[in-house]
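Before any comments, here is the structure.
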Amino acid sequence: MTEITDKLRKLAEDMLETMYDAPGIGLAAPQVGVSARVLVMDCEKEENAVPRPMVLLNPEVVGTSEELNVYEEGCLSIPDQYADVARPSEVDVRWLGLDGETYTEHFDGLWATCVQHEIDHLDGKLFIDYLGPLKRQMITRKMQKLKRERARA
Ligand code: K1U
Ligand code: ZN
């Protein structure tokens with residue numbers, strides 16, 4: 001049972017601000033150092049599109065298509081690295097909203113890719129975990145180098 005507190009509302013608000021500032025299309029609480037099953041996303045990318053900020057608490061994938069879709073993913077926790085990842089092209093996701101209601105929605109296209117990427121963050125998984133060992137090691141080494149450089153700066 002998740003209690004909807006002011007602290008949780010503030011976390012979601014701060015996460016949406018961080019995501020839009022980045023800019024990104026999604027963000028999960030562990031990426032901002034918070035151990036909670038909270039994600040935010042807005043995949044309305046077109047210039048004149050009406051924003052659709054979404055906040056998902058305790059999201060669960062409850063159905064997946066057999067068909068896969070390949071998308072070149074990036075990650076705000078792995079700057080400037082991109083790779084093709086194959087995931088189910090459509091998913092049904094159930095979650096708790098900030099209003100205390102339970103929602104189930106069918107996602108496709110970029111929304112489906114993004115919600116799976118964000119739920120992975122909640123489970124401690126990154127998009128590089130789907131790559132072959134060579135590509136994954138290349139990105140991991142680049143990130144270790146970046147970390148050392150940042151520590152020296
Ligand atoms: O969770 C994250 O690290 C955010 C990530 C989400 C994501 C990207 C691509 C596929 C699946 C999930 C990002 O938002 S990276 C930035 C990005 O993709 C983007 C930024 C501005 C405009 C459009 C896309
Ligand atoms: Zn990410």
Side-chain angles (χ1 to χ4, degrees), residues 2 7-8 10-47 49 51-96 98 103-153:
T2 301
K7 194 174 160 195
L8 194 51
K10 177 78 169 72
L11 171 66
E13 193 184 311
D14 288 350
M15 284 173 61
L16 280 168
E17 192 182 330
T18 302
M19 179 191 81
Y20 284 125
D21 280 355
I25 54 171
L27 192 70
Q31 291 181 279
V32 291
V34 178
S35 175
R37 295 191 70 81
V38 179
L39 71 82
V40 297
M41 60 178 182
D42 184 350
C43 298
E44 296 294 341
K45 284 200 311 180
E46 298 306 318
E47 212 176 305
R52 191 187 175 205
M54 297 191 74
V55 178
L56 282 64
L57 313 175
N58 293 333
E60 268 179 88
V61 175
V62 292
T64 56
S65 61
E66 277 184 25
E67 190 200 354
L68 302 180
N69 178 48
V70 176
Y71 189 85
E72 190 182 43
E73 297 191 15
C75 181
L76 297 177
S77 304
I78 310 177
D80 302 324
Q81 303 302 315
Y82 303 89
D84 282 349
V85 177
R87 301 181 186 269
S89 56
E90 300 183 27
V91 285
D92 294 312
V93 179
R94 183 171 60 214
W95 73 92
L96 182 70
L98 278 177
Y103 295 87
T104 306
E105 191 168 318
H106 184 79
F107 292 100
D108 61 12
L110 184 55
W111 286 92
T113 298
C114 187
V115 75
Q116 292 174 81
H117 177 116
E118 300 310 329
I119 291 174
D120 273 354
H121 273 301
L122 303 182
D123 295 331
K125 199 164 178 178
L126 298 172
F127 80 89
I128 56 171
D129 295 325
Y130 294 94
L131 308 180
L134 277 182
K135 175 97 186 168
R136 188 184 156 159
Q137 191 181 61
M138 201 182 75
I139 294 179
T140 306
R141 287 192 174 152
K142 278 187 188 161
M143 287 307 101
Q144 286 164 343
K145 186 164 173 262
L146 186 67
K147 210 172 151 186
R148 283 197 302 274
E149 283 165 2
R150 282 182 177 175
R152 275 201 300 269

Over all atoms of both residues, closest heavy-atom pair of [X] and [Y]:
X: S89; Y: S65; value: N-OG, 3.2 Å
X: L56; Y: P59; value: O-CD, 3.9 Å
X: L146; Y: P79; value: CD2-CG, 3.8 Å

(request) Kindly say whether V115 contributes a backbone atom to a donor-acceptor pair with the side chain of E118 at under 3.5 angstrom? (result) no
[X] bridged to [Y] by N-O distance under 4.0 Å:
X: E60; Y: R94; answer: yes
X: R52; Y: E105; answer: yes
X: R87; Y: E73; answer: yes

Pairwise distance [atom1]([X]) to [atom2]([Y]) - rounded to 0.5 angstrom:
X: C114; Y: L27; atom1: SG; atom2: CG; value: 9.5 Å
X: L68; Y: E90; atom1: CG; atom2: CD; value: 11.5 Å
X: L76; Y: Q31; atom1: CG; atom2: CD; value: 6.0 Å

(message) If the condition is side-chain hydrogen bond (donor to acceptor under 3.5 Å, both in side chains), which residues does D84 pass it with, not counting sequence neighbours?
(response)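 Applying side-chain hydrogen bond (donor to acceptor under 3.5 Å, both in side chains) to D84 gives none.
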(message) My understanding is that only one of K145, K147, R152 makes a salt bridge (charged side-chain N to carboxylate O under 4.0 Å, His left out) with E149; could you say which?
(response)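 With E149 as partner, K145, K147, R152 yield a single salt bridge (charged side-chain N to carboxylate O under 4.0 Å, His left out), made by K145.
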(request) Check side chain to side chain contact (heavy atoms under 4.5 Å, CB included) between K125 and all other residues, then give those that pass, not counting sequence neighbours. (result) D120, D129, Y130
(request) State which residues pass ring-ring contact (aromatic ring centres under 6.0 Å, His included) with Y103; sequence neighbours excluded, sorted by chain then number. (result)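 With neighbours one apart ignored, the set is W95.
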